[in-house]
Amino acid sequence: QVQLVESGGGLVQAGGSLRISCAASGRTFSSSAMGWFRQAPGKEREFVAAITWSGSNTAHADSVKGRFTISRDNAKNTLYLQMNRLKPEDTAVYYCAASSSFTTLRSLYHDWGQGTQVTVSS
């Protein structure tokens with residue numbers, strides 16, 4: 001099991017940048033695939049990005065491709081999401097999650113953080 005705590009969310013203007021982090025505890029972080037998901041009010045939680053345990057492979061949703069970048073530092077037990085050229089439609093609570101496999105499927109992530117709010121003003 002991996003315990004996850006997100007941080008770094010906040011209010012930013014459209015076009016701006018923000019980096020959110022996910023601090024992990026537990027021995028399995030470095031062997032877990034990790035992902036970012038987001039949930040806007042009244043909407044389903046959706047996939048944003050995923051990364052393999054080694055960081056050698058990543059996947060990004062089409063809606064964020066070219067603007068967001070997922071990365072990880074296993075020595076620091078930390079997952080990151082760099083968000084550039086933010087849009088108002090990126091406003092959501094962002095969650096990090098751990099999985100036993102590299103996947104975009106929400107149902108295959110077994111450990112979740114509590115989320116961090118990102119608000120993009122127009």
Side-chain angles (χ1 to χ4, degrees):
Q1 189 176 4
V2 182
Q3 291 78 44
L4 304 168
V5 179
E6 300 94 337
S7 63
L11 175 64
V12 62
Q13 288 188 331
S17 297
L18 199 62
R19 188 177 79 162
I20 57 177
S21 302
C22 173
S25 59
R27 294 178 296 170
T28 60
F29 173 77
S30 61
S31 61
S32 297
M34 298 294 297
W36 285 103
F37 291 77
R38 66 186 182 186
Q39 188 167 18
K43 294 189 176 182
E44 294 285 320
R45 191 171 299 188
E46 65 176 2
F47 169 77
V48 175
I51 189 167
T52 55
W53 67 270
S54 65
S56 61
N57 198 10
T58 62
H60 297 81
D62 287 344
S63 59
V64 306
K65 201 168 292 183
R67 299 189 298 122
F68 291 11
T69 302
I70 188 172
S71 64
R72 66 190 297 164
D73 185 337
N74 286 344
K76 296 182 178 179
N77 274 11
T78 304
L79 177 73
Y80 302 101
L81 185 67
Q82 177 67 44
M83 303 182 289
N84 299 327
R85 291 186 281 133
L86 282 158
K87 304 176 182 179
E89 51 263 44
D90 295 319
T91 295
V93 177
Y94 284 72
Y95 299 89
C96 65
S99 175
S100 300
S101 59
F102 177 60
T103 179
T104 64
L105 297 177
R106 185 180 67 187
S107 61
L108 295 183
Y109 284 82
H110 45 73
D111 296 310
W112 292 82
Q114 84 290 345
T116 186
Q117 176 72 45
V118 172
T119 303
V120 185
S121 63
S122 58

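All residue numbers refer to positions in the sequence shown, counting from 1.
Residues Val120 and Ile20 fall within the same hydrophobic cluster, defined by Ile, Leu, Val, Met, Phe, Trp and Tyr side chains chained together at heavy-atom separations under 4.5 Å. Follow the hydrophobic side-chain contacts under 4.5 Å out from Val64 and you reach Met83 in the same cluster. Using a 4.5 Å cut-off between side-chain heavy atoms of Ile, Leu, Val, Met, Phe, Trp and Tyr, with links allowed through other members, Ile70 and Leu86 fall into the same hydrophobic cluster.
By the side chain to side chain contact (heavy atoms under 4.5 Å, CB included) test, Ser30 is found to be paired with Asn74, residues two or more places apart in sequence or in another chain being considered. In this view, Thr103 satisfies the side-chain hydrogen bond (donor to acceptor under 3.5 Å, both in side chains) rule with no residue, not counting sequence neighbours. Residues forming a side-chain hydrogen bond (donor to acceptor under 3.5 Å, both in side chains) with Asp90 (at least two apart in sequence, or on another chain): Arg38, Arg67. For the side-chain hydrogen bond (donor to acceptor under 3.5 Å, both in side chains) test, residues two or more places apart in sequence or in another chain that qualify with Thr119 are Gln117. Arg72 meets the salt bridge (Lys or Arg N to Asp or Glu O under 4.0 Å) test with no other residue; sequence neighbours excluded. By the salt bridge (Lys or Arg N to Asp or Glu O under 4.0 Å) test, Arg106 pairs with Glu44, sequence neighbours left out.
With hydrogens and angles ignored, the 3.5 Å screen pairs no side-chain donor or acceptor of Ser56 with any backbone N or O of Ser54. Not one N or O on the side chain of Ser122 forms a donor-acceptor pair closer than 3.5 Å with the backbone of Pro88.
Rounding to the nearest 0.5 Å gives a distance of 11.5 Å between CG of Asn84 and CZ of Arg19. The CG atom of Leu81 sits 7.5 Å away from atom OH of Tyr94, with the distance rounded to the nearest 0.5 Å. The OG atom of Ser25 lies 7.5 Å from the CG atom of Leu4; values are rounded to the nearest 0.5 Å.
Looking only at atom types and distance, the side chain of Gln82 has no donor-acceptor partner in the side chain of Thr69 under 3.5 Å away.
Across every non-hydrogen atom of Ala40 and Ala92, the tightest pair is N-CB, 3.8 Å. Here the shortest heavy-atom pairing between Phe102 and Thr58 reads CZ-C, 3.8 Å.
The side-chain heavy atoms of Leu18 and Phe68, taken from C-beta on, include no pair separated by under 4.5 Å.
The ring pair (Phe, Tyr, Trp, His ring centres under 6.0 Å) analysis of residues 27-58, with sequence neighbours excluded, yields the pairs Phe37-Phe47, Phe37-Tyr109, Phe37-Trp112. Identified under the disulfide (SG to SG under 2.5 Å) test for residues 70-122, with sequence neighbours left out: Cys22-Cys96. Residue pairs meeting the salt bridge (charged side-chain N to carboxylate O under 4.0 Å, His left out) criterion with at least one member in residues 6-17: none, sequence neighbours excluded. Annotation: disulfide (SG to SG under 2.5 Å) contacts involving residues 28-74, sequence neighbours excluded, are absent. Counting only residues at least two apart or on different chains, no salt bridge (charged side-chain N to carboxylate O under 4.0 Å, His left out) pair has a member in residues 109-121. The salt bridge (charged side-chain N to carboxylate O under 4.0 Å, His left out) analysis of residues 80-89, with sequence neighbours excluded, yields no pairs.
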Val5/Gln114 under side-chain contact (heavy atoms from CB on, under 4.5 Å): CA gap, chis, key distance, verdict: CA-CA 7 Å; Val5 179; Gln114 84 290 345; 4.1 Å; yes
Test log, rule side-chain contact (heavy atoms from CB on, under 4.5 Å), inputs Met34 and Val2: CA-CA 11 Å; Met34 298 294 297; Val2 182; 5.5 Å; no
